[in-house]
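Here is the structure we will look at, set down as structure tokens.
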Amino acid sequence: MALSTGDTLPDADLIRLGAEGPETVSLKEIGAGKTIALFAVPGAYTPTCSSAHVPSFIRTKGDFAAKGVDTIVCVSVNDPFVMKAWGEATGAAEAGLHMLADADGSFTKAIGMDFTAPPAGLIGRSKRYAMLVEDGTVKALHVEESPGVCETSAGESLLAEL
């Protein structure tokens, strides 16, 4: 069943590449008592994700902060090594976005946002979406109809919810 506005975001252990190697990051801990903007992409280094989605959250990071958003998190069904390199390549790491890997896709499946597109080589990936989460509760959720489009899930569209 797909996640919707008003639902509690399930806890998930995501992975990032830290100074000592891969480390587990609890989504519940990141969001406890905070407002977070969380967005997901079908794949690191894919065209729309790299040229539109991540840049939209880099551009709007200051505006989100001014409206009380504590953290911006990007999730992708990729490994933490790819997410770290992609965060550096896009400027997301320098901007302070959390680039987290849902390596096995378990979080993506738990919230009903998984999809498969064999012709594009995308197997068990995440739909493109963005959400505002306040202390674990989904306050706004924008899901794109097509993985190649970044309109309702762009940083500017989510920012308009605040």
Side-chain angles (χ1 to χ4, degrees), residues 1-16 25-44 46-78 83 86-87 90-117 122 124-162:
M1 186 160 124
L3 189 72
S4 62
T5 302
D7 288 349
T8 298
L9 195 63
D11 192 17
D13 286 333
L14 302 173
I15 306 169
R16 73 173 156 222
V25 177
S26 165
L27 194 53
K28 186 175 185 175
E29 287 178 18
I30 286 178
K34 297 179 183 171
T35 298
I36 64 171
L38 186 149
F39 71 102
V41 298
T46 56
T48 304
C49 304
S50 295
S51 68
H53 212 175
V54 169
S56 77
F57 280 91
I58 293 171
R59 272 193 312 273
T60 56
K61 184 176 187 289
D63 295 325
F64 275 109
K67 293 199 174 207
V69 173
D70 301 292
T71 304
I72 298 176
V73 175
C74 175
V75 175
S76 184
V77 180
N78 282 109
M83 291 301 286
W86 188 47
T90 59
E94 184 177 335
L97 276 61
H98 294 266
M99 305 297 282
L100 302 179
D102 181 15
D104 65 358
S106 59
F107 171 69
T108 299
K109 289 174 192 155
I111 64 170
M113 293 292 171
D114 56 310
F115 85 100
T116 295
L122 299 173
R125 297 302 182 105
S126 177
K127 293 179 181 178
R128 183 181 309 285
Y129 65 85
M131 66 174 86
L132 286 171
V133 182
E134 291 179 14
D135 196 22
T137 301
V138 178
K139 296 298 183 180
L141 177 62
H142 297 194
V143 182
E144 296 290 355
E145 293 293 322
S146 168
V149 175
C150 179
E151 294 170 359
T152 64
S153 65
E156 292 83 357
S157 295
L158 192 64
L159 186 61
E161 294 281 340
L162 293 171

Nearest heavy-atom pair of Thr60 and Gly155: which atoms, and what distance? OG1-CA, 3.8 Å

Is it true that Phe39 and Phe57 have ring centroids separated by less than 6.0 Å? yes

Kindly indicate, with the supporting measurements, whether the criterion side chain to side chain contact (heavy atoms under 4.5 Å, CB included) is fulfilled by Val138 and Leu3. CA-CA 8 Å; Val138 178; Leu3 189 72; 3.7 Å; yes

Tell me, with the steps shown, if His142 and Glu151 meet side-chain hydrogen bond (donor to acceptor under 3.5 Å, both in side chains). CA-CA 9 Å; His142 297 194; Glu151 294 170 359; over 6 Å; no

Minimum-distance pair of heavy atoms, taken over all atoms of Met113 and Leu141: CE-CD2, 3.9 Å

Between Asn78 and Met83 (side chain of the first, backbone of the second, donor and acceptor by atom type, cut-off under 3.5 Å), is there such a pair? no

With side-chain contact (heavy atoms from CB on, under 4.5 Å) as the test, pick out the partner of Arg128 among Val149, Val143, Thr48, Thr152. Thr48

Just so I know, are the side chains of Pro42 and Cys49 near enough to count as touching, which here means a heavy-atom distance under 4.5 Å? yes

Just by modelled atom types, is the Arg125 backbone N or O under 3.5 Å from a matching donor or acceptor in the Asp114 side chain? no

With side chain to side chain contact (heavy atoms under 4.5 Å, CB included) as the criterion, how do Leu27 and Leu9 come out once you've worked through the C-alpha distance, each side chain's angles and the decisive distance to 0.1 Å? CA-CA 9 Å; Leu27 194 53; Leu9 195 63; 3.7 Å; yes

Can you tell me how far CG of Asp135 sits from NZ of Lys28, rounded to the nearest 0.5 angstrom? 9.5 Å

Do Val73 and Met99 have side chains that get closer than 4.5 Å, going by heavy atoms? no

What are the two closest non-hydrogen atoms of Gly6 and Thr137, and how far apart are they? O-CG2, 3.8 Å

Assess whether side chain to side chain contact (heavy atoms under 4.5 Å, CB included) is satisfied between Val75 and Leu14, documenting all intermediate values. CA-CA 8 Å; Val75 175; Leu14 302 173; 3.9 Å; yes

Just wondering, do Pro10 and Ile111 contact through their side chains at under 4.5 Å, heavy atoms? yes

Would you tell me whether Ser26 and Asp11 have side-chain atoms, one donor and one acceptor, within less than 3.5 Å of each other? yes

Go through the side-chain N and O atoms of Asp102 and Thr108 and say whether any donor and acceptor fall under 3.5 Å apart. yes

Nearest heavy-atom contact between Glu156 and Ser56 is OE1-CB, 3.4 Å

Does atom CD of Glu29 have more than 12 heavy-atom neighbours from other groups under 6.0 Å away? no

Check whether any side-chain heavy atom of Pro147 lies under 4.5 Å from a side-chain heavy atom of Phe115, and answer yes or no. yes

Do Leu97 and Lys61 have side-chain heavy atoms sitting under 4.5 Å apart? yes

Quick one: are Leu132 and Leu158 in side-chain contact, heavy atoms under 4.5 Å? yes

Of all heavy-atom pairs between Ala92 and Val54, which one has the smallest distance, and what is that distance? CB-CG1, 3.8 Å

Just by distance, with hydrogens left out, do Trp86 and Ser76 show a side-chain donor and acceptor under 3.5 Å apart? no

Taking the side chain as every heavy atom from C-beta outward, state whether Thr5 and Lys139 have any pair of such atoms under 4.5 Å apart. no

Atom OG1 in Thr46, atom CG in Leu122: separation rounded to 0.5 Å? 7.0 Å

Show your working on side chain to side chain contact (heavy atoms under 4.5 Å, CB included) between Leu162 and Phe64 and close with a plain yes or no. CA-CA 8 Å; Leu162 293 171; Phe64 275 109; 3.9 Å; yes

Please report the closest heavy-atom contact between Ile30 and Thr71, naming both atoms and the distance. CG2-CG2, 4.2 Å

Can Glu144 and Ser153 be counted as having a side-chain donor-acceptor contact under 3.5 angstrom? yes

